[in-house]
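All ligand and atom numbering here is 1-based and tracks the order in the structure. Residue numbers count from 1 along this sequence.
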Amino acid sequence: MKLIPAFIFPAMILLGAAAAASANPFPDGNALNGQKIFEKYDCNRCHNSIMGGDGNKIFTRFDRKRNSPDGLIEQIGMCSGNVNAHFTPKETQDLAAYLNIFYKFK
Ligand code: HEC
């Protein structure tokens with residue numbers, strides 16, 4: 001068995017706490033509600049045909065358009081026009097929290 005020096009442990013705990021504190025760029029968003037909105041507005045309707053089946057792949061394709069939390073928020077604003085919706089800031093956060101399941105922004 002390898003011994004881990006005792007000083008490593010506090011460092012690991014601190015790193016863990018820092019990671020947890022910065023892990024969610026959409027702290028006000030409710031992913032479950034975001035998913036409901038996403039399904040209600042049939043958001044993947046176009047993405048499905050763009051991606052030839054699984055619209056969710058648009059969020060993880062290697063050349064995806066949006067690569068920051070702000071960019072994602074902006075795109076939700078743009079695509080809300082596609083479904084004639086005017087999402088509140090809270091609804092936008094909910095959608096972003098849901099979509100971050102794919103984007104995995106920290
Ligand atoms: C009328 C068709 C249409 C609808 C409906 C639609 N979108 Fe989109 N969406 C697009 C197009 C087109 C793109 C850009 C694809 C490209 O440029 O390759 C896109 C891209 C996106 C992206 C960025 C993907 C990336 O590359 O990072 C997000 C996020 C997104 N849509 C969210 C939504 C949400 C949320 C809704 C529902 C409120 C929605 N879309 C409804 C057409 C649509």
Return the minimal non-hydrogen interatomic distance between Glu91 and His86, and the atom names on each side. OE1-O, 4.1 Å

If you take all heavy atoms of Arg45 and Asn82, which pair is closest and at what distance? NH2-O, 3.7 Å

In terms of heavy-atom contacts, Leu72 and Arg66 come closest through N-CB, 4.3 Å

Counting each atom of ligand 1 from 1 as listed, which ones have a heavy atom of Val83 under 4.0 Å away? 5 (C), 38 (C)

Return the orientation label for the Phe59 and Phe38 ring planes: parallel under 30°, perpendicular over 60°, tilted otherwise. perpendicular

As a check for students: among Arg61, Lys40, Glu74, Met51, identify the option with a heavy atom nearest to atom 15 (C) of ligand 1. Arg61

Rounded to the nearest 0.5 Å, how far does CD1 of Ile73 lie from CG of Leu95? 8.5 Å

Considering distance alone, does some N or O of Asp42 sit under 3.5 Å from an N or O of ligand 1? no

Short list, please: which atoms of ligand 1 are under 4.0 Å from a heavy atom of Phe87? 38 (C)

Does Ser80 reach ligand 1 with a nitrogen or oxygen that is under 3.5 Å from one of the ligand's nitrogen or oxygen atoms? no

Least distance between heavy atoms, Arg64 atom then Phe102 atom: NH1-O, 4.2 Å

Checking Asn44 against Asn56: is there a side-chain donor and acceptor pair closer than 3.5 Å? yes

Quick one: CD1 on Ile37 to CG on Asn30, what's the gap to the nearest 0.5 Å? 8.5 Å

In the complex you have, is atom 36 (C) of ligand 1 within reach of the protein, judged by whether a heavy-atom distance drops under 4.0 Å? yes

Distance, nearest 0.5 Å, that separates CD of Gln35 from CG of Leu99: 10.0 Å

Near-ring test Tyr41/Phe87, centroid separation under 6.0 angstrom: yes

Tell me whether Lys65 has any N or O atom under 3.5 angstrom from an N or O of ligand 1. yes

Report the part of Ile50 in contact with ligand 1, treating N, CA, C, O as backbone and CB onward as side chain, heavy atoms under 4.0 Å; options are side chain, backbone, both, neither. side chain

So for Tyr41, does at least one of its heavy atoms come nearer than 4.0 angstrom to any atom of ligand 1? no

Using a distance threshold of 2.8 Å, what protein N/O/S atoms lie below it relative to atom 8 (Fe) of ligand 1? His47 NE2, Cys79 SG

Nearest-neighbour protein heavy atom for atom 24 (C) of ligand 1, which is reported as residue plus atom name and distance: Tyr103 OH, 3.2 Å

Compare every heavy atom of Phe105 with every heavy atom of Pro25, then report the nearest pair and how far apart it is. CD-O, 3.4 Å

Indicate, as side chain, backbone, both or neither, the part of Leu72 found under 4.0 angstrom from ligand 1 when only non-hydrogen atoms are considered. side chain

